[in-house]
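One structure is given here, and the rest of the page talks about it.
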Amino acid sequence: MKLRYALTGAASAMAIASAASADGHMANEMTIVSWGGAYSNSQQKAYHDPYMEKTGVSIVNDESSAEAVAKLRAMAEAGNVTWDVVDVVAADAMRLCDEGLALEIDADEQLAPAPDGTPASEDFGDLIVSDCFIPQIVYSTTFGYRTDNEGWDSEPDSVCAVFDTETFPGKRALEKRPIANMEWALICDGVSIEEVYDLLETDEGVDRAFAKLDTIKDQTVWWTAGAETPQLLADGEVAIGSTYNGRLFSVIEEQDQPVKMLWDWQMFDLDGWIIPAGLSDERQARALDYIYFATDTQRLADQAAYISYGPARASSAPLVGQHAELGIDMAPHMPTDPANAQNTFLFNYEWWADNRDDLDAKFQAWLIQ
């Protein structure tokens, strides 16, 4: 994937940041963009609060990550980038990097090594999927369902229950974008896992996925923020719905709602930080200083004490223990736990980085039909 961002390469970015830092010219406030709800809360406790205490900097939270690509494009066009650090999924990081809207990062120079001195590039390993992407977590998009649904004689053990409105009647909640929905539609229409992305590159495959989604379209509530499905489930507005596994952990374990996880064909993905291109020297230095702090071994392990997402560093995994407030063992709630990972779908972020804009347009057109 060819990178077009040439103005501020890793070396020049490091030089700028180092100079600003050495002069004490780091910005005193920063805007950090993320996804809101339980996820932002975990970042607040694991990263933001200790960083503010350490530095005195003021952090403003923005919950616009779902619109990060469109908004950063608009900010760059207007020449007014107001965000300092942005939490995005891997595919969006690739797109932003390709378009020159995100800063390239030299992992071994600008990220903390592991406690034993292992360079960051080795500690993160293959999860550094883009020169602009600083990984935080491995998570999955999966389903939760209420355990007291009227008309359900059994609990679902397959993701295809979402399309079975006769056995499992009731409203569904699905994300208002094609990612994951298209894959699940094809899987539940009989397509093998190995053939899903090849088929989605054809008009026939896209039409087939939409035809499957048509079967539940009038029963579906479409969400745009990860916190919506947990709330819809808690309120009894939907019987079953997709969202991120950490959000479901929160509604099940923290809120004690009558909801269970459905791990079948959960979709693994990566989430991490990017720093927007075009920041002033002082803002860029502050953003890099925050990233160095927030992605070290201990901080990533700390986040797993508040939400059930796996830390992206190999050195963080042994430090994951119990939930900081509930005191329960977090390992059985991770998407990577063997009991939960019997059927997993590795989300193809590279494929989506190349095809997202086209399928987004087709999906939005399908929604209004």
Side-chain angles (χ1 to χ4, degrees), residues 140-197 199-200 202-245 247-249 251-252 255 257-268 335 339-345 347 359 362-369:
S140 74
T141 304
T142 190
F143 284 87
Y145 60 91
R146 286 190 65 94
T147 57
D148 58 355
N149 287 309
E150 293 184 5
W152 289 25
D153 295 327
S154 61
E155 295 185 357
D157 59 6
S158 164
V159 70
C160 297
V162 175
F163 297 94
D164 184 356
T165 55
E166 183 173 339
T167 306
F168 303 103
K171 288 284 187 180
R172 278 72 173 127
L174 292 174
E175 190 171 11
K176 196 176 183 179
R177 64 176 189 166
I179 291 176
N181 293 326
M182 304 295 276
E183 289 98 323
W184 283 321
L186 290 180
I187 290 170
C188 294
D189 202 42
V191 176
S192 69
I193 304 303
E194 295 76 15
E195 295 175 323
V196 164
Y197 289 110
L199 199 56
L200 281 178
T202 68
D203 290 338
E204 177 191 6
V206 171
D207 290 344
R208 186 171 172 179
F210 283 138
K212 188 66 176 179
L213 289 168
D214 276 337
T215 65
I216 56 171
K217 190 176 182 181
D218 63 355
Q219 293 291 307
T220 298
V221 177
W222 299 99
W223 59 267
T224 56
E228 292 178 49
T229 290
Q231 190 61 55
L232 289 166
L233 286 167
D235 293 343
E237 297 293 327
V238 302
I240 184 169
S242 67
T243 190
Y244 316 123
N245 72 283
R247 307 304 182 98
L248 291 170
F249 170 85
V251 77
I252 295 169
Q255 300 177 34
Q257 294 291 329
V259 177
K260 280 188 177 180
M261 301 281 290
L262 177 59
W263 292 103
D264 184 54
W265 293 123
Q266 58 167 317
M267 199 158 297
F268 281 177
N340 305 329
Q342 296 179 29
N343 284 330
T344 59
F345 195 104
F347 175 74
L359 269 183
K362 291 178 179 177
F363 191 83
Q364 297 308 317
W366 170 80
L367 278 175
I368 61 177
Q369 289 177 356

Distance, nearest 0.5 Å, that separates CD1 of Ile240 from OG1 of Thr165: 11.5 Å
To the nearest 0.5 Å, atom OG1 of Thr344 lies from atom CG of Asp264 at 10.0 Å
Taking side chain as C-beta onward, heavy atoms only, is Tyr145 less than 4.5 Å from Phe168? no
Quick check: closest heavy atoms across Ser140 and Phe268, and the distance to 0.1 Å? CB-CD2, 3.8 Å
Tell me whether Arg172 contacts the main-chain N or O of Gln219 through its side chain, where contact means a donor paired with an acceptor under 3.5 Å. no
Check: Phe210 and Lys362 side chains under 4.5 Å, non-hydrogen atoms: yes
Working note: Leu359 + Met182, criterion side-chain contact (heavy atoms from CB on, under 4.5 Å); need CA distance, chi angles, decisive distance, verdict. CA-CA 10 Å; Leu359 269 183; Met182 304 295 276; 4.3 Å; yes
Under the 3.5 angstrom rule, does the side chain of Lys217 hit a backbone N or O of Trp366 as a donor-acceptor pair? yes
Asp157, CG: over 12 other non-hydrogen atoms inside 6.0 angstrom: no
Aromatic ring centroids of Phe143 and Phe163 under 6.0 Å? no
So, do Met261 and Asn340 sit near enough that their side-chain heavy atoms are less than 4.5 Å apart? no
Parallel under 30°, tilted from 30 to 60°, perpendicular over 60°: which one fits the rings of Trp265 and Phe345? perpendicular
Looking at side-chain heavy atoms only, is the closest gap between Asn181 and Trp222 below 4.5 Å? yes
CG on Leu213 to CG on Leu174, rounded to 0.5 Å: 7.0 Å
Would you mind reporting whether Arg208 and Leu199 have side-chain heavy atoms less than 4.5 Å apart? yes
SG of Cys160 to CH2 of Trp184: how many Å apart, nearest 0.5 Å? 11.0 Å
Could you walk me through whether Glu155 and Thr147 pass side-chain contact (heavy atoms from CB on, under 4.5 Å), step by step? CA-CA 8 Å; Glu155 295 185 357; Thr147 57; 4.2 Å; yes
Heavy atoms only: give me the nearest Leu200-Ala209 pair and the separation to one decimal. CD2-CB, 4.4 Å
Give a yes or no answer on whether the side chain of Glu228 reaches the backbone of Thr224 with a donor-acceptor pair at less than 3.5 Å. yes
Measuring from atom CD of Gln342 to atom CD of Gln266, what distance do you get when rounded to the nearest 0.5 angstrom? 10.5 Å
Residues Gln364 and Lys176: closest non-hydrogen pair is NE2-O, 3.6 Å
Minimum heavy-atom distance between Pro230 and Val251, given as atom pair plus value: O-CG2, 3.7 Å
Measuring from atom CD1 of Ile187 to atom CD1 of Ile193, what distance do you get when rounded to the nearest 0.5 angstrom? 3.5 Å
Where do Ala239 and Trp152 come nearest, in terms of heavy atoms and distance? CB-CZ2, 3.7 Å
Return the minimal non-hydrogen interatomic distance between Leu262 and Ser158, and the atom names on each side. CD2-O, 3.5 Å
Is it true that atom CG of Asp203 has more than 12 heavy atoms of other residues, nucleotides or ligands lying nearer than 6.0 Å? no
